[in-house]
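Because the structure is a prediction, the values reported are computed rather than measured. Keep in mind that the numbers below use all heavy atoms, side chains included, and drop hydrogens, waters and symmetry copies. Indexing begins at 1, ligand by ligand and atom by atom, following the structure's order.
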Amino acid sequence: MKQRILFVCLGNICRSPAAEAMLKMLLERNGISENIFVDSAGTYGGHSGERSDPRMRSAAAARGIEMTHRARQVREADFEKFDMVIAMDDNNYEALFRLAPDRAAQQKIFRFREFLRHNPDWSYIPDPYYEGHEGFELVLDLLEDGCATLVESLQQE
Ligand code: 4NP
């Protein structure tokens with residue numbers, strides 16, 4: 001598996017920055033953070049420059065994960081910079097597919113669900129923005145599952 005990973009959701013204030021922070025934490029815990037660059041972005045730019053949603057930040061903090069990301073919109077140049085671009089849901093995936101400049105770029109796009117091992121009922125990471133606290137906890141549960149798979153793959157490099 002490759003070494004520069006970009007997580008993408010809609011607003012880049014809930015799911016993808018949480019995935020970014022969680023993967024970074026797990027890479028550090030496993031001593032393999034040096035050569036792996038992790039970032040996140042949104043298909044929608046309306047929250048650009050903002051810190052992550054305070055509900056997501058506090059749910060993550062309760063699991064020992066600090067979120068410091070500032071939101072930004074995904075751009076075509078990201079397909080040059082990153083090896084894997086991982087979409088949280090099918091809408092994100094389709095938006096990325098449209099943005100990708102060529103076939104090589106399209107082949108860098110993955111769905112986060114491809115890395116889920118313990119949650120076979122979930123085919124996407126559900127948008128928690130209009131949900132209650134449980135929605136944020138569910139996002140973190142799913143991210144823990146998929147990020148653990150990613151770490152194992154990266155450890156085998
Ligand atoms: P995210 O959540 O895509 O996980 O960052 C959302 C954030 C903002 C909005 C929707 C989803 N919004 O409509 O502004």
Side-chain angles (χ1 to χ4, degrees), residues 2 4-28 36-101 105-106 108-151 153-154:
K2 304 288 179 60
R4 288 164 298 175
I5 297 172
L6 181 69
F7 292 110
V8 176
C9 62
L10 175 60
N12 192 216
I13 55 171
C14 297
R15 293 166 291 175
S16 63
E20 174 197 333
M22 184 176 293
L23 183 60
K24 282 179 176 169
M25 185 272 287
L26 292 172
L27 293 174
E28 272 167 33
I36 301 164
F37 181 70
V38 187
D39 194 10
S40 66
T43 59
Y44 165 66
H47 293 282
S48 291
E50 292 178 18
R51 292 202 63 187
S52 300
D53 188 304
R55 298 167 295 172
M56 192 78 252
R57 276 192 278 145
S58 71
R63 300 189 191 206
I65 300 159
E66 189 192 3
M67 295 175 64
T68 57
H69 184 76
R70 294 263 175 191
R72 72 170 179 91
Q73 188 166 20
V74 65
R75 45 188 176 259
E76 193 181 313
D78 285 319
F79 288 103
E80 286 165 38
K81 188 170 175 189
F82 290 91
D83 303 296
M84 297 179 78
V85 180
I86 305 178
M88 292 290 140
D89 65 31
D90 286 348
N91 286 332
N92 311 147
Y93 184 91
E94 281 156 26
L96 287 169
F97 210 82
R98 286 193 294 272
L99 182 66
Q106 288 172 345
K108 294 182 174 183
I109 310 172
F110 297 81
R111 290 179 172 87
F112 193 88
R113 72 154 183 249
E114 294 172 45
F115 305 101
L116 294 178
R117 279 185 302 195
H118 304 295
N119 293 276
D121 294 341
W122 285 99
S123 60
Y124 61 98
I125 309 303
D127 183 349
Y129 194 65
Y130 297 104
E131 303 294 330
H133 182 68
E134 312 73 48
F136 291 87
E137 294 297 333
L138 172 61
V139 167
L140 290 171
D141 289 344
L142 295 173
L143 294 181
E144 277 178 0
D145 182 357
C147 285
T149 311
L150 275 165
V151 169
S153 306
L154 291 162

**Q** Tell me yes or no: between the side chains of N12 and H69, is some donor less than 3.5 Å from an acceptor?
**A**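 On atom types as modelled, these side chains qualify, holding a pair under 3.5 Å.
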**Q** Find out whether E50 and R70 are in side-chain contact, i.e. whether some heavy atom of one side chain is under 4.5 Å from a heavy atom of the other.
**A**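 No; the side chains remain at least 4.5 Å from each other.
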**Q** What protein heavy atom sits nearest atom 1 (P) of ligand 1, and how far away is it?
**A**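 Going atom by atom, the protein heavy atom closest to atom 1 (P) of ligand 1 ends up being C9 SG, 3.5 Å.
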**Q** What atoms in ligand 1 come closer than 4.0 Å to a heavy atom of I13?
**A**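 So the atoms of ligand 1 that pass are 5 (O), 7 (C), 8 (C).
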**Q** Looking only at N/O atoms, are L10 and ligand 1 under 3.5 Å apart anywhere?
**A**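 Yes, at least one N or O pair falls under 3.5 Å.
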**Q** Can you name the atoms of ligand 1, numbered from 1 with element, that are less than 4.0 Å from a heavy atom of C14?
**A**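 With C14 as reference, the close atoms of ligand 1 come out as 1 (P), 2 (O), 4 (O), 5 (O).
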**Q** Tell me which protein heavy atom sits closest to atom 14 (O) of ligand 1, plus the residue, atom name and distance to 0.1 Å.
**A**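 Atom 14 (O) of ligand 1 sits closest to the protein heavy atom H47 NE2, 2.7 Å.
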**Q** Can you find a heavy atom in the side chain of Y124 that is under 4.5 Å from one in the side chain of N92?
**A**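 No, every pair of side-chain atoms sits at 4.5 Å or beyond.
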**Q** Can you list everything that forms a salt bridge (Lys or Arg N to Asp or Glu O under 4.0 Å) with R57? Sequence neighbours excluded, please.
**A**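 Salt bridge (Lys or Arg N to Asp or Glu O under 4.0 Å) check on R57 returns nothing, list empty.
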**Q** Name the closest protein heavy atom to atom 11 (C) of ligand 1, giving the residue it belongs to and the distance to 0.1 Å.
**A**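 Atom 11 (C) of ligand 1 sits closest to the protein heavy atom D127 OD2, 3.1 Å.
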**Q** Which of the numbered atoms in ligand 1 are under 4.0 angstrom from any heavy atom belonging to G11?
**A**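 Numbered from 1, ligand 1 contributes 1 (P), 3 (O), 5 (O), 7 (C).
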**Q** Using the side-chain contact (heavy atoms from CB on, under 4.5 Å) criterion, which residues pair with L138? Sequence neighbours excluded.
**A**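 Partners of L138 by the side-chain contact (heavy atoms from CB on, under 4.5 Å) criterion, ordered by chain and then number, come out as W122, P126, L142.
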**Q** Where is the tightest heavy-atom contact between H47 and G11, given as atom of each residue plus distance?
**A**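 Minimum heavy-atom separation between H47 and G11: CB-O, 3.8 Å.
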**Q** Could you tell me the residue and atom name of the protein heavy atom closest to atom 13 (O) of ligand 1, and the distance to it rounded to 0.1 Å?
**A**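 Result: Y130 OH, 3.7 Å.
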**Q** If we set the cut-off at 4.0 Å for heavy atoms, which region of N12 has an atom near ligand 1: side chain, backbone, both, or neither?
**A**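 It is the backbone that gets close, since no side chain atom is under 4.0 Å.
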**Q** Answer yes or no on whether R55 is positioned over the face of Y129, meaning its NZ or CZ is under 6.0 Å from the six-membered ring centre and within 45° of the axis.
**A**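 Output yes; distance and angle both within limits.
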